[in-house]
Asks: 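Can you keep this structure in mind? I'll have questions shortly.
Values below: every heavy atom of this structure, side chains too, minus hydrogens, waters and symmetry copies.
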Amino acid sequence: MSLTFPNRSRSYDEAGKRIRFVGHDGMFQISFSVAADAMTRMQPATAANEAGYLATFDTENSAIRDVASKAYGRTRKSMYVLTADDFG
């Protein structure tokens with residue numbers, strides 16, 4: 001099966017400074033996080049707070065899920081932390 005994102009929910013992890021979301025490969029749940037540095041790489045004007053990061057995630061949703069799918073396609077792990085380098 002391929003990775004899908006049927007659940008559009010996401011949450012902000014203050015301690016880790018990242019946005020968390022999940023994907024699914026059949027019955028397997030795959031955890032993803034996007035680091036705050038990636039948010040500001042995608043949109044330099046992103047406010048450095050929960051609301052700003054969540055707004056950027058929502059705006060860049062398609063690009064983020066594309067990067068997540070590519071990362072998963074390379075290694076098929078159960079957890080990923082995507083950083084600014086992943087969004088080159």
Side-chain angles (χ1 to χ4, degrees):
M1 296 199 83
S2 63
L3 187 65
T4 61
F5 299 95
N7 183 349
R8 294 291 185 188
S9 67
R10 77 288 186 269
S11 61
Y12 181 63
D13 172 11
E14 176 69 38
K17 300 288 187 209
R18 58 183 75 153
I19 304 292
R20 296 175 186 251
F21 66 104
V22 297
H24 294 272
D25 185 357
M27 63 184 228
F28 298 103
Q29 181 171 296
I30 315 303
S31 298
F32 292 93
S33 295
V34 182
D37 69 336
M39 297 286 121
T40 55
R41 163 101 30 114
M42 288 183 276
Q43 290 190 6
T46 297
N49 58 38
E50 179 176 359
Y53 296 133
L54 290 173
T56 296
F57 183 93
D58 292 343
T59 301
E60 299 293 337
N61 191 325
S62 181
I64 291 168
R65 293 183 195 284
D66 286 345
V67 169
S69 293
K70 288 176 186 170
Y72 180 72
R74 286 190 299 270
T75 60
R76 299 217 181 251
K77 299 185 299 185
S78 61
M79 188 181 91
Y80 295 84
V81 176
L82 305 173
T83 66
D85 291 340
D86 295 305
F87 293 86

Asks: Parallel, tilted or perpendicular, judged at 30° and 60°: which one describes the rings of Phe21 and Phe32?
Replies: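 Parallel, since the angle between the ring planes stays under 30°.
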Asks: Can you list the steps and then say if Tyr12 with Arg20 is a side-chain contact (heavy atoms from CB on, under 4.5 Å)?
Replies: CA-CA 6 Å; Tyr12 181 63; Arg20 296 175 186 251; over 6 Å; no
Asks: For the CD1 atom of Ile64 and the OG1 atom of Thr56, what is their distance to the nearest 0.5 Å?
Replies: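 With rounding to 0.5 Å, CD1 (Ile64) is 8.0 Å from OG1 (Thr56).
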Asks: Atom OG of Ser33 and atom OH of Tyr80: how far apart are they, to the nearest 0.5 Å?
Replies: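 Between atom OG of Ser33 and atom OH of Tyr80 there are 12.5 Å.
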Asks: What's the separation between atom OG1 in Thr40 and atom CZ in Phe87, rounded to the nearest 0.5 Å?
Replies: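 Spacing of OG1 (Thr40) from CZ (Phe87) equals 11.0 Å.
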Asks: For a 4.5 angstrom cut-off between non-hydrogen side-chain atoms, does Arg8 reach Asn61?
Replies: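 Contact flag for Arg8/Asn61 side chains = yes.
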Asks: Is Phe57 reachable from Val22 through a run of hydrophobic residues whose side-chain heavy atoms are each under 4.5 Å from the next?
Replies: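 Different hydrophobic clusters.
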Asks: So, using side-chain contact (heavy atoms from CB on, under 4.5 Å) as the criterion, who are the partners of Lys70 when residues are at least two apart?
Replies: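 By the side-chain contact (heavy atoms from CB on, under 4.5 Å) rule, Lys70 matches Arg74.
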Asks: Only one of Val81, Thr83, Val34, Leu82 passes side-chain contact (heavy atoms from CB on, under 4.5 Å) with Arg18; say which it is.
Replies: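 That would be Val81; it is the only one of Val81, Thr83, Val34, Leu82 passing the side-chain contact (heavy atoms from CB on, under 4.5 Å) with Arg18.
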Asks: Minimum heavy-atom separation for Phe5 and Ala68, please, with both atom names.
Replies: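 Residues Phe5 and Ala68, closest heavy atoms: CZ-CB, 4.0 Å.
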Asks: Measuring from Ser78:OG to Tyr72:OH, what's the distance to the nearest 0.5 Å?
Replies: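 Reported to 0.5 Å precision, the distance equals 9.0 Å.
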Asks: Locate the shortest heavy-atom distance separating Ala84 from Arg41; write the atom from each residue and the value.
Replies: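 Closest heavy-atom pair between Ala84 and Arg41: O-NH1, 2.9 Å.
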Asks: I need the Leu54 CG to Met39 CE distance, nearest 0.5 Å.
Replies: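 Reported to 0.5 Å precision, the distance equals 9.0 Å.
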Asks: With respect to His24, which candidate in Ile30, Leu3, Thr4 satisfies the side-chain contact (heavy atoms from CB on, under 4.5 Å) definition?
Replies: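 Exactly one option meets the side-chain contact (heavy atoms from CB on, under 4.5 Å) with His24, and it is Thr4.
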Asks: Hey, what do you get for OG (Ser11) to CD (Glu50), rounding to the nearest 0.5 Å?
Replies: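 If we round to the nearest 0.5 Å, Ser11:OG and Glu50:CD are 8.5 Å apart.
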